[in-house]
Asker: 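One structure, pasted below without further comment.
Since we're looking at a predicted model, the values are computed, not measured. Side chains included, hydrogens not; waters and symmetry mates left out as well; all remaining heavy atoms used. Numbers restart at 1 for each chain; the letters A, B, ... are given by sequence-line order, proteins then strands.
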Amino acid sequence: MVRPVSGGGSARVQASLLGSDRRLSPDDPRCDVDRGEIPGDPTHGAFQVMTRQDDPDSTSELEARRKRLAERLATKVAADKPAGNKANAGWAEATKIASEFVAGVLVGAGIGWFFDRWLGTSPFGLMVFLLLGFAAGVLNVLRTQGVVADAGAQLRGAGKKPANRDGDDAGG
Amino acid sequence: MEHDTVDPIHQFQIHELIPLHFGSYNFSLTNSALFMLIVVALATWFLTSATASRALVPGRAQSVAELVYEFVANTLRDAAGHHGMQFFPLVFSLFTFVLTANLLGMFPYFFTVTSHLIVTFALAMLVILTVVVAGIANHGFGFFNLFVPSGVPIYLIPLVTAIEIISFLSRPVSLSVRLFANMLAGHITLKVFAGFVFTMSALGGLGILGSVLPLAMAVALTALEFLVAFLQAYVFAVLTCMYLNDALHPGH
């Protein structure tokens, strides 16, 4: 609704800039509404065409599909929103992944070092836990990425997190 | 003196303002501690004075305070559900503290509290200990199912559990390192480019002309740093919410 109105406004401004008279302005809003509907909501127009051709059953199915798609899109947009603008989103994502991975390796190495000091098993504790820490770092990264893709499930308030389970399988 | 003005690391030095020594312990008030107190005082003053009038139609300050409140509340509700709102005071305090500290650090000659690893690590440990305590309080030993994912073959469980525990222990590290590294790197970059302006213009003539380039860069970086300051406070709060979600719903 907003789009045709604003488009009409700009068209009217353009018309007045071009020095045209009032004769054009009744045409403009109609023209803009037509134009606004096609880029604004392409699925809407497509579905209208489909409803004319198909039987009511597939119409309701399509309606349901469209609703589901809209839901998924909404959660996706909500999940993508925190990052602000695009250039900054890349930077935030990069530091996030890097720190997750490095933290896993560091903690693994730290635990191994303490084991060695404690039990005098140098250097085997460090070797084993460094490898485990590496795996944990990879798991962290996979999980962060899974959470990004799965933020919709969390936003919907689901207790279970399937993407996390994927991360576990990948980590194990 | 000449050295100090260009040295990018100098701004992170901690020095004692009011020396206080008890036995072998050093309780001196440092510049870091002073700025932490300023951050807390500033945030408390702003929020209390902004919401003091409780106008139905909020003024400028009140709407900012309400915006911050709504923002944190929505973030927490999205990540941890309505049950997670019991942790709202913690998350709100952390977010306000980190955000105020980051933004206060943007003033020239001010000390950036969050650019020290020990400060951010203390905050992250606070979060993780809350997660562990709340998780055990809510679920008893069921909380430790967090480390034993379901559907894993029995012979892989020791390996997977070890990896899960390391992964869990790495959370405070990654949480603190991210915030600290962002603030440290940002302030060093800013100082390096500002230092270029200083040294180039000291050459005179062509140097003053050339110093326009790093100056433009410093201006652009300042804008970026304001964004990073906000973004990192937000990321810290979001991850806190996600970890708290684990404490409330450990089964996965």
Asker: Could you tell me which residues in residues 108-117 of chain A have at least one non-hydrogen atom under 4.5 Å from a non-hydrogen atom of chain B, sorted by residue number?
Answerer: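 Gly108(A), Ile111(A), listed by number.
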Asker: Of all the residues in residues 166-188 of chain B, which have a heavy atom that comes within less than 4.5 Å of a heavy atom in chain A?
Answerer: Ile166(B), Ser167(B), Leu169(B), Ser170(B), Val173(B), Ser174(B), Arg178(B), Asn182(B)
Asker: Using a heavy-atom cutoff of under 4.5 Å, enumerate the residues of residues 119-132 of chain A that contact chain B, numbered in order, or state 'none'.
Answerer: Phe129(A), Leu132(A)
Asker: Above 12 or not: heavy atoms from other molecules or residues under 6.0 Å from CZ of Phe134(A)?
Answerer: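 Atom CZ in Phe134(A) is not packed in, count stays at 12 or less.
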Asker: Who in residues 100-107 of chain A is close to chain B, using a strict under-4.5 Å heavy-atom cut-off?
Answerer: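 When heavy atoms of chain B are the reference, residues 100-107 of chain A contributes Glu100(A), Ala103(A), Gly104(A), Val107(A) within the under-4.5 Å range.
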